[in-house]
Amino acid sequence: MKRYSVFAIAREAMRQHSGWDKAWASPEPKTHYDVVIVGAGGHGLATAYYLGKNFGITNVAIIEKGWLGGGNTGRNTTIIRSNYLQDPSAAIYEKARSLYETLSQDLNYNVMFSPRGVMMLAQTEHEIRGYKRTAMANALQGVETRFITPAEVKRIVPIMNIDGPRYPVLGALWQPRGGTARHDAVAWGYARACSAMGMHVIQNCEVIGVESVGGQVSAVATTKGTIGCTKLGIVVAGHSGHLANMAGFRLPVESVALQAMVSEPIKPAMDCVVMANTVHGYMSQSDKGEMVIGGGADHFNNYTQRGSWMHIEETVRALIETFPMLSRLKMLRQWGGIVDMTGDRSPIISKTPLGNTFINCGWGTGGFKAIPGSGWAMAELMAKGASPLAEEFSMYRFREGRFIDESVAAGVAH
Amino acid sequence: MSEAVSALNGAHFAGLVDLAEAGLKGMVTLRGDLSSPALAAAVKAATGAAVPAVRRIEAGASGQAAWMSPDELLLITPYARAGAVVEILRRELAGEFATAADVSDARALFKIRGPQARDVLAKICPVDFTGFAVGELRRTRAAQVAAALWRESEDEWRLVCFRSVAQYVWDLLATVSAPGGEVGFYHR
Amino acid sequence: MLLLTCPCCGVTAEETEFANGGEAHLKRFGPGSSDADYEAYMFNRKNPRGVHFERWRHAYGCGKWFLMARDTMTLEVYGAYPAQTTEPPAEIVAKIKARRPEWEGYK
Amino acid sequence: MSYRLATGGRLIDRSRPLDFTFNGKTLRGFAGDTLAAALLGAGQTLVGRSFKYHRPRGIVASGAEEPNALVGMGEGQRFEPNQRTTTTELFSGLKAVSQNHWPSLDFDIGAVNAKLWRFFPAGFYYKMFIHPRSFWKHVYEPIVRQSAGLGKAPDAETRDADRYEQFYAHCDVLVAGGGIAGLTAARAAAAEGKRVIVIEQAAHWGGRAVVDGAEVEGQPAAGWVEAVLGDLHANPAVTVLNRTMAAGVHDHGYVLAYQRVADHEPGADKPRHRLWRVRAGHVIAATGAIERPLSFAGNDLPGVMLAAAVRDYVVNWAVSPGKRVVVVTNNDDAYRTALALHAAGVAVPVIIDARTEPRGALVEQARAAGLRVADGMAVRSVKGGKAVTGVELCRFDSDGGAVAETIACDAVAMSGGWSPVVHLWSHCGGKLLWDEAGAFFRPDPSRPPLGRDGQGFVTCTGAANGDLGDTDAAPMMPVWMMPAKADYLLRAKMWLDPQNDVKVSDVQLAAKEGYASVEHTKRYTTLGMATDQGKLSNINGLAILSDALGQPIPQTGTTTFRPPYTPISLGAIAGEARGPIFQPLRRTPMHAWHEANGAHWEPVGQWRRPYCYPRDGESHGHAVSREITQVRGSVGLLDASTLGKLLVTGPDAAKFLDMLYTNMMSTLKPGKCRYGLMCNENGFLSDDGVVARLDDQTFLCHTTSGGADRIHAWMEDWLQCEWWDWKVHVVNLTEEYAQIAVVGPNARKVLEKLGGDIDLSKEAFPFMDWREGRLGKFRARVFRISFSGELSYEIAVPASEGQAFWDALMQAGAEFGMMPYGTEALHVMRAEKGFIMIGDETDGTVIPQDLGLDWAVSKKKPDFLGKRGMERPAMTSADRWKLVGLETLDGSVLADGALAPLPGKNVNGQQETQGRVTSTYFSPTLGRGIAMGLVHRGPERMGEVIAFQTESGGRVEARIVDPCFYDKAGEKQNV
Ligand SMILES: Cc1cc2nc3c(=O)[nH]c(=O)nc-3n(C[C@H](O)[C@H](O)[C@H](O)COP(=O)(O)OP(=O)(O)OC[C@H]3O[C@@H](n4cnc5c(N)ncnc54)[C@H](O)[C@@H]3O)c2cc1C
Ligand SMILES: NC(=O)c1ccc[n+]([C@@H]2O[C@H](COP(=O)([O-])OP(=O)(O)OC[C@H]3O[C@@H](n4cnc5c(N)ncnc54)[C@H](O)[C@@H]3O)[C@@H](O)[C@H]2O)c1
Ligand SMILES: Cc1cc2nc3c(=O)[nH]c(=O)nc-3n(C[C@H](O)[C@H](O)[C@H](O)COP(=O)(O)O)c2cc1C
Ligand SMILES: [Zn+2]
């Protein structure tokens, strides 16, 4: 793999960019791999990457039914933060966030991680208490957060109306090193690095069955034929229920549409990410200038990648109330993704009832930020059979009543 | 009792339509088997009205009976009579599985009058008003809150909502009936 | 944005007037049930790609719950029926079979 | 340079000149102009700068597809960035400024990017700026951000001066597009007696046909349009709307239509935009077709325009883009432009046609008019800087190495063929077919978007369906690059997406690097992601991609069409919901009194409750202390109307409540009250409140303020869906009553002063009883319950009398210093008593046993909601954190949410903890901080001292104590 750098660009500029390699190879599948990962989203690719990097396991195929990164990884609002309340969540999200800090160098691919700060507004007494509670927890979890005053909010985000007549801003939970990254680049960077380690990223290949022998997985049936594997990782987000069905078990997961939208681009107006949970809206401004806005999730099972319009209205109302200048901007595009919601809104990284088969799902509305940490933990789980970061995220926690509920207090899951 | 005041104390507004808060009204929720003769007799005794068909409102000599749900009616009477209506219903339905409760104070009632009424209502209610007949009733949404509305006469509509959101619904109606916002979809 | 017809009051109204209540025909497992039954009842869901039986409430209308068969891939609605049933009515099952011959049926 | 023709212009009224400004310079146009027409008419061909390279940009199109000519419009409260000049109707006083340049449109520093284009190929960010690490955020990214973005952000502190609204409409057929096809479809649907809505995004009807002077049904198109429109207007079942765009087709026939009611008359007392939310039985997309540009070097210079747009400017607005206009095409339609220019007296030095020996009727007409046709030729390169000065010709079938000829001109009209507008077909999943002859995608009628009945609900007609109507035209020839074998340097100057600066070479590079899916190419190059969403660029781009991959175009496919068709204002999306009606505000009957008496509000769900009532100069803390002192010492009033009040009645009511509450309700005696807990089926606490048994079959259940609707729905769910044979009715009486708590040692005296028929004495009316009767002249139901530990009565009166009753209490209590108290005083007093608060002590993960409420969890009942959940191992573990009181040793107030750290770290390196604070207050009664918290095995550790976090990062010690800090024996409340 040729390394990317400013010198490489300069060299190629002089020869009409004729010397660039393919970012990833597009091989035909082999008959067997040590590990097959289903789903070339961020989580699947990161799992493969850390299998190779941390455990030297490189006889790996990542099988993707469409184009890599085309699932939720390619359609999310790119918020990265780790100011979660519960210990297991804070641990994995902070691991992910800290890996993001150096991911561009690690992958030799600029994923544009931009720690511009994430601000979660407190607009009720209840939210104040909730966020203060989170800040207290974060202090012991090694996550840098702070509860800030309305004046600080206004200083950091001058375009905000903090005196909104209905829900004045009473403060905010501020994570200065939260931020955003270029979502597509995360998938592409990992795919390139996986490919460079000799792994096979196989696109346009849908897994349509899971085969087993004596309670252990043996192969996956795909639209490109049967592919044998010693271990199987299912990392397909919204389609997890479907894959679990193929593997013979059910999950505490439902798939619903979550929407997002972008405005037309404008010159820089807001540098950080703002989340307003009382009124239901969140927003950041991308490097291209569009306002990236998250909408709500539908409440019914849906696989169409289209959501219901009312959520867009609700979000826009909330954001205009918070940022009045938005009123005269225009919505450029809206879209949806299929997110996998668990019973406690926290993810699953787990062994499954089928031997040598592992699942990573349930990231719902908030798993982009977790990609490196989740891949790290999943790789460890698959390689060693256990991972401290994944420990509490077993799919069996529901039966036992050990929820990891982030929506408690004023917290939100995403 | 003289000190009882309705949510908006009979407010008025004239825009694309004439808006008025109807003031105090007696309202009684009646739950039970709407097909039972006992219930029909009780409704008759209380209001003089027949049991309304699905999504209809019926008028009687001393009140109206509005269909709310497969097992629920809303009886509308003068404010002072609500207590008596509850008594009549309880008496008539003694031994039946039925419930009568006075909800006069829990609601606000608005009158919306004028040829543009449907054009105004359709700004906030996701309702198809074409073919919406006089005497028909629809429970629905008025922007962000629950409401029930019916057509009292050709150009006259009624809308009920919960008392706590009376001011919201009023402001909403007044906003969308501000002059300049003529739509001309229903009324040309 | 779905358009649903409430079988309890006959109103056809948009999704905003309804509330979804998840998978239908779950059998409640209370005290004394096995861990597996309780877990399955509380959490594990079919979440199918395709025909789905689900609960809806006409929240902004007559207030009643009803059940409905809908396709989660196309959003086609096959029919609605009373909440007071333990399995889908035969005519709805037949209608789905006719529309989706490959459907494995209601289990 | 562009200019206004002396005659003609079917849409302008020369007798009504209108002045407007562009970058501060006053220009003149006519009524009927679009801003784009007026700018061109005034000779302004340079109107903006591109996104990445800051290249000069001019007007390309004449409608919604325009990628370049975006301006900042208006000022102050009406400033709007990125306004498309081609769809903006001119009005007097319009103010426009160009975008994305510094310091000026003519001289833009950012344009050095264009000189460095070799260093900025597609995806260059991903390969650069990797080292050193911190430079991305602090050095590179700020530069990238500043040079990207388009229009200026509206001012943060000014508010939009306009209003917006929405409208729900229903119809059998919605026709989008007011061209011949749309009007024909509307007429047909109307004739069938359907309810029809027909909408046209532009101000004018008739689409292309009226510009091109076509004949329809034997009469001139314009006359036909007028006649059909007249009939449609006259039909009461038809709604006809211009300036209304079908923005999105959503599931089950939901169509959003964006009506620009008053954009063309700013300041009028009208809503600016109205968003129509149409529910249509069927949607007919008659949205026409959009002309494609051609990819030749320099095709992005101001003055290079779409051929049909040039025709529009000439015919509609009597504007010519130049004095000498070269036409370049691969199809016959562009000849119409040549002829129109010629007829208007504009020189057309040559028509460059990539086809060899084209022979259609229009070609012959052009030849007959003396126009030169250079067939088999291509534009090799357009010459010029900020304006076109000429074109170089070469053989089409060459690599462009040899310049055959250079022709001076000041504008170029190009046509690469037409693409049907299939957006509305595609939004809900309609699939497309590749049409070889027209080289475009058109709807595949066998795979339409499906409606709720599983049938297709969108149909395309007219040009949108691929029917371009040119039956006697010669075949077009697909041309994706000009010349066909252009070398790299030419390809690197061929713009596909002129707004985002995506060139043919960029798409080719993406393909080479393996970004082979069309979706990867889009995201890698940003092709089609600009404000025009690739209306001009997408087909050309994916043809280039297909060619680079060596695969047929249909295999490459298109990217996903997403709403809106063109951008719509966020203001319209929010509609009327702003300011006071942003969200419903629920008000109790005494709301206005609280407001008038200085309440500091606290939002509680959609309610607003007084937090406290600060007096002049008083801090909130002081007000709360004063209120508590008054209540504890004498008497105070609380507006408790927001509490849920659910009437549960019927023969099975008692059995039902036994299932819903954790404790036994069936044993409650009429006339009595009991505190009850509700859990979800996981066993987690979800609500609490006092239940009063009204009679054998009737209970009144109080819920928390936030719980009323939720618990009501929860009850209905169980009754309708699980125990549907149980005879129970639930009626939500929450808003029927104003509920007022009269609290304090003098409470009884105050009520006795009112008089009435209820014996309020301790003996006749003991604690946890309720009575019905009259208090003064008020019909009242009185509950002797206490959330403060004081003698206390909660009184429900009809809501309509709430204010009068409140007034009466204030008056009766005057001699005792009666004052209202707010939610904070309520909270502090309940904490002094060790009472839990749903939402503070509970957070959805807490079971009753955690809070020492085992006594309220029945051991006898075989079943209740939550019982099974509580039996799980994690719930019964002795290691759960349990409720205790906490007293700091130094009397200070513990911090909200503070945790009690332990020395060790867990496997993930996080500090271990042994407890947390759930509620913490300064108690004016005790003169010190008090708190409750959940502590590991807490109740077993009474008296132990543990350390908690402080806000500043330190530690403070607190003793574990009983959670009841005040009057444990209950002597004050049981009097
Ligand atoms: C609108 C929206 C906004 C969001 N905003 C945020 C945010 O701001 N911050 C945040 O942290 N998270 C956010 N999320 C969540 C985040 O996007 C996801 O949690 C995350 O991207 C999940 O990554 P993944 O790799 O698990 O899944 P995906 O990226 O969805 O990848 C799964 C892959 O599996 C493939 N697949 C499925 N079935 C098969 C099969 N049978 N065979 C082969 N391949 C298959 C799919 O094609 C897909 O490519 C958002 C999500 C959405 C939809
Ligand atoms: N010769 C050619 O190549 C060619 C190409 C295109 C059209 N035509 C001619 O044009 C006519 C076709 O008529 P037609 O009616 O199919 O197309 P049209 O282009 O004449 O009309 C389409 C109309 O739809 C409107 N529209 C587009 N998208 C819309 C939306 N989302 N919402 C609301 N309005 C929208 C447009 O503003 C336009 O007025 C025929 O006369 C045909 O011969 C010829
Ligand atoms: C962070 C982010 C920024 C985006 N910015 C743009 C944009 O500037 N222009 C655009 O057309 N689409 C933008 N999109 C939306 C994509 O075009 C696309 O709609 C989304 O990735 C979902 O894919 P799909 O619409 O192809 O299903 C953006 C998406 C994301 C996640
Ligand atoms: Zn109904």
Side-chain angles (χ1 to χ4, degrees), chain A residues 4 6 9 13 16-17 20 22-24 67 70 87 91 104-105 109-110 114-115 124-125 129 132-133 136-137 140-141 158-159 166-167 184-185 264-269 287-289 309 313 316-317 320-321 324-335 388-389 400-402 405 408-409, chain D residues 80-82 118-119 121 124-130 133 137 141 144-145 148-154 156 159-160 250 488 509 513-514 517 519-520 523 531 562-564 567-571 573-574 577 582 602-603 839 843-845 872-875 896-899 901 907-908 910-911 949:
Chain A
Y4 290 160
V6 64
I9 293 255
Q16 308 184 345
H17 297 279
W20 296 113
K22 288 236 181 306
W24 47 79
W67 40 284
D87 284 352
S104 297
Q105 293 71 35
Y109 199 101
N110 188 357
S114 173
T124 65
E125 296 292 330
R129 286 195 295 273
K132 284 188 170 170
R133 178 178 167 193
M136 286 291 183
L140 301 180
Q141 292 156 339
I159 62 169
R166 191 60 202 277
Y167 296 109
D184 294 319
E264 292 184 338
I266 51 171
K267 288 292 171 197
D287 285 345
K288 290 216 328 291
W309 171 252
E313 283 187 359
V316 168
R317 285 199 301 258
I320 290 181
E321 199 66 13
M325 60 90 101
L326 291 181
S327 181
R328 292 186 89 89
L329 299 190
K330 298 192 253 344
M331 172 172 86
L332 173 60
R333 188 174 171 99
Q334 65 168 119
W335 66 92
L389 281 173
E400 292 155 16
R402 290 184 296 102
D405 198 336
V408 309
Chain D
E80 176 170 1
N82 304 329
R118 286 167 194 274
F119 298 93
F124 78 99
Y125 319 86
Y126 307 120
K127 299 173 179 145
M128 273 167 76
F129 311 131
I130 298 176
R133 179 160 75 83
K137 173 69 188 131
E141 189 184 30
V144 171
R145 268 168 96 76
L150 271 179
K152 188 162 73 77
R159 299 288 176 269
D160 190 341
H250 299 256
Y488 178 78
L509 177 62
E513 291 191 84
S517 156
E519 298 288 2
H520 283 153
R523 287 156 174 82
T531 61
R562 294 282 189 184
I568 65 176
S569 68
L570 297 184
I573 295 173
F582 157 58
E602 163 175 15
D843 64 3
T845 66
R872 285 174 294 177
M875 306 291 179
D896 265 317
L899 286 154
V907 278
N908 293 317
Q910 299 166 314
Q911 187 94 42
Q949 294 167 290

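Only this structure's heavy atoms are used, side chains among them; waters, hydrogens and symmetry mates stay out. A note on names: the letters A, B, ... follow the listed sequences, proteins ahead of strands, and every chain is numbered from 1.
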Participant: Report yes if some heavy atom in the side chain of D:Leu150 is under 4.5 Å from a heavy atom in the side chain of A:Ile266; otherwise report no.
Facilitator: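 Contact flag for D:Leu150/A:Ile266 side chains = no.
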Participant: Shorter than 4.5 Å, heavy atoms on both sides: which option in D:Gly514, D:Gly897, D:Pro567, D:Ala574 has the most such pairs with chain A?
Facilitator: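 It is D:Pro567.
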Participant: Mind checking whether A:Leu329 and D:Pro154 have side chains closer than 4.5 Å, heavy atoms only?
Facilitator: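 Contact flag for A:Leu329/D:Pro154 side chains = yes.
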Participant: Taking every heavy-atom pair that is under 4.5 Å apart, which of D:Pro564, D:Ala898, D:Pro901, D:Pro81 has the most such pairs with chain A?
Facilitator: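 Most pairs with chain A among the choices: D:Pro564.
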Participant: Using a 4.5 angstrom heavy-atom cutoff, name the option from D:Gly149, D:Ala156, D:Ala874, D:Pro873 with the most pairs to chain A.
Facilitator: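 So the answer, after comparing D:Gly149, D:Ala156, D:Ala874, D:Pro873, is D:Gly149.
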Participant: About how many Å separate CD of A:Gln334 and CD1 of D:Ile573, when rounded to the nearest 0.5 Å?
Facilitator: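 CD of A:Gln334 is found 7.5 Å from CD1 of D:Ile573.
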Participant: Any idea which heavy atoms bring D:Ile568 and A:Trp309 closest together, and the distance?
Facilitator: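 For D:Ile568 versus A:Trp309, the nearest heavy atoms are CD1-CH2, 4.4 Å.
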Participant: Report yes or no: does A:Lys330 contribute a side-chain atom to a donor-acceptor pair with the main-chain N or O of D:Asn82 at less than 3.5 Å?
Facilitator: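 Yes, the answer is positive, given that a donor and an acceptor are paired below the 3.5 Å cut-off.
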Participant: For D:Ser517, which atoms come within 4.5 Å of any heavy atom of chain A: side chain, backbone, both, or neither?
Facilitator: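 For D:Ser517, the side chain is the part near chain A, not the backbone.
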Participant: Quick check on A:Pro158 against chain D: is it the side chain, the backbone, both or neither that has a heavy atom closer than 4.5 Å?
Facilitator: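 Contact with chain D involves the backbone of A:Pro158 alone.
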Participant: Who wins among A:Arg402, A:Lys288, A:Arg166, A:Glu125 for the most heavy-atom pairs under 4.5 Å with chain D?
Facilitator: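 That would be A:Arg166.
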Participant: Just so I understand: if I count every heavy-atom pair under 4.5 Å between each of D:Phe129, D:Phe124, D:Tyr488 and chain A, which residue has the most?
Facilitator: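 The residue among D:Phe129, D:Phe124, D:Tyr488 with the greatest pair count is D:Tyr488.
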Participant: Measure A:Leu326 against the heavy atoms of chain D and call it side chain, backbone, both or neither at under 4.5 Å.
Facilitator: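 Both backbone and side chain of A:Leu326 come within 4.5 Å of chain D.
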Participant: At a 4.5 Å cut-off on heavy atoms, which part of D:Leu509 comes close to chain A: side chain, backbone, both, or neither?
Facilitator: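 Just the side chain, heavy atoms under 4.5 Å.
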Participant: If you measure from CD on A:Glu321 to CZ on D:Phe582, what distance do you get to the nearest 0.5 Å?
Facilitator: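 Going from CD on A:Glu321 over to CZ on D:Phe582, the span is 4.5 Å.
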Participant: Does a donor on one side chain and an acceptor on the other come within less than 3.5 Å for D:Thr531 and A:Glu264?
Facilitator: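 No - no donor-acceptor pair under 3.5 Å links their side chains.
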Participant: Looking at D:Lys152, D:His250, D:Arg159, D:Glu602, which has the largest count of heavy-atom pairs under 4.5 Å with chain A?
Facilitator: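 Sorted descending by pairs with chain A, the first entry is D:Arg159.
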Participant: Just jot down the salt bridge (Lys or Arg N to Asp or Glu O under 4.0 Å) partners of D:Arg118, sequence neighbours excluded, or say none.
Facilitator: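 With neighbours one apart ignored, the set is empty.
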Participant: Given a strict heavy-atom distance threshold of 4.5 Å, which part of D:Lys137 is in contact with chain A: side chain, backbone, both, or neither?
Facilitator: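 When you check distances to chain A, only side chain atoms of D:Lys137 fall under 4.5 Å.
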Participant: State, with a plain yes or no, whether a side-chain heavy atom of D:Lys127 is found less than 4.5 Å away from one of A:Tyr109.
Facilitator: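 Sidechains of A:Tyr109 and D:Lys127: no contact.
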Participant: Please classify the contact of A:Asp184 with chain D as side chain, backbone, both or neither, using a heavy-atom distance under 4.5 Å.
Facilitator: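 For A:Asp184, the side chain is the part near chain D, not the backbone.
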Participant: Flag the pair D:Met128 / A:Tyr4 as yes when at least one side-chain heavy-atom distance between them is below 4.5 Å, and no otherwise.
Facilitator: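 Side-chain contact under 4.5 Å: no.
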Participant: Under the rule for ring-ring contact (aromatic ring centres under 6.0 Å, His included), what residues qualify as partners of A:Trp67, not counting sequence neighbours?
Facilitator: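 For A:Trp67 the ring-ring contact (aromatic ring centres under 6.0 Å, His included) partners, ignoring immediate neighbours, are D:His520.
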Participant: Tell me, out of A:Ala185, A:Ala269, A:Pro115, A:Ser104, who's got the most heavy-atom pairs with chain D below 4.5 Å.
Facilitator: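 Most heavy-atom pairs within the cutoff with chain D belong to A:Pro115.
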Participant: Quick check on D:Asp896 against chain A: is it the side chain, the backbone, both or neither that has a heavy atom closer than 4.5 Å?
Facilitator: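 Both parts, backbone and side chain.
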Participant: Is the shortest heavy-atom distance from the side chain of D:Arg133 to the side chain of A:Gln105 under 4.5 Å?
Facilitator: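 D:Arg133 reaches A:Gln105 side chain to side chain.
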Participant: Under a 4.5 Å cutoff for heavy-atom pairs, which residue among D:Arg562, D:Arg872, D:Glu141, D:Met875 has the most contacts with chain A?
Facilitator: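 It is D:Arg562.
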Participant: Roughly how far apart are A:Arg129 CZ and D:Asp843 CG, rounded to 0.5 Å?
Facilitator: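 So the gap between those two atoms works out to 12.5 Å.
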Participant: Looking at A:Ile9, A:Ile159, A:Thr124, A:Ile320, which makes the most heavy-atom pairs under 4.5 Å with chain D?
Facilitator: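 With the most close heavy-atom pairs to chain D, the winner is A:Ile9.
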Participant: Check whether any side-chain N or O of A:Lys267 sits under 3.5 Å from a backbone N or O of D:Ala148 as a donor-acceptor pair, and report yes or no.
Facilitator: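 Flag set: sc A:Lys267 to bb D:Ala148 pair under 3.5 Å.
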Participant: If we only count heavy atoms from C-beta on, is the D:Gln910 to A:Leu140 side-chain gap below 4.5 Å?
Facilitator: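 D:Gln910 vs A:Leu140: side chains apart.
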Participant: Would you check if D:Leu570 and A:Ser327 make a side-chain contact, meaning some heavy-atom pair closer than 4.5 Å?
Facilitator: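 Of all side-chain heavy-atom pairs linking A:Ser327 with D:Leu570, none is under 4.5 Å.
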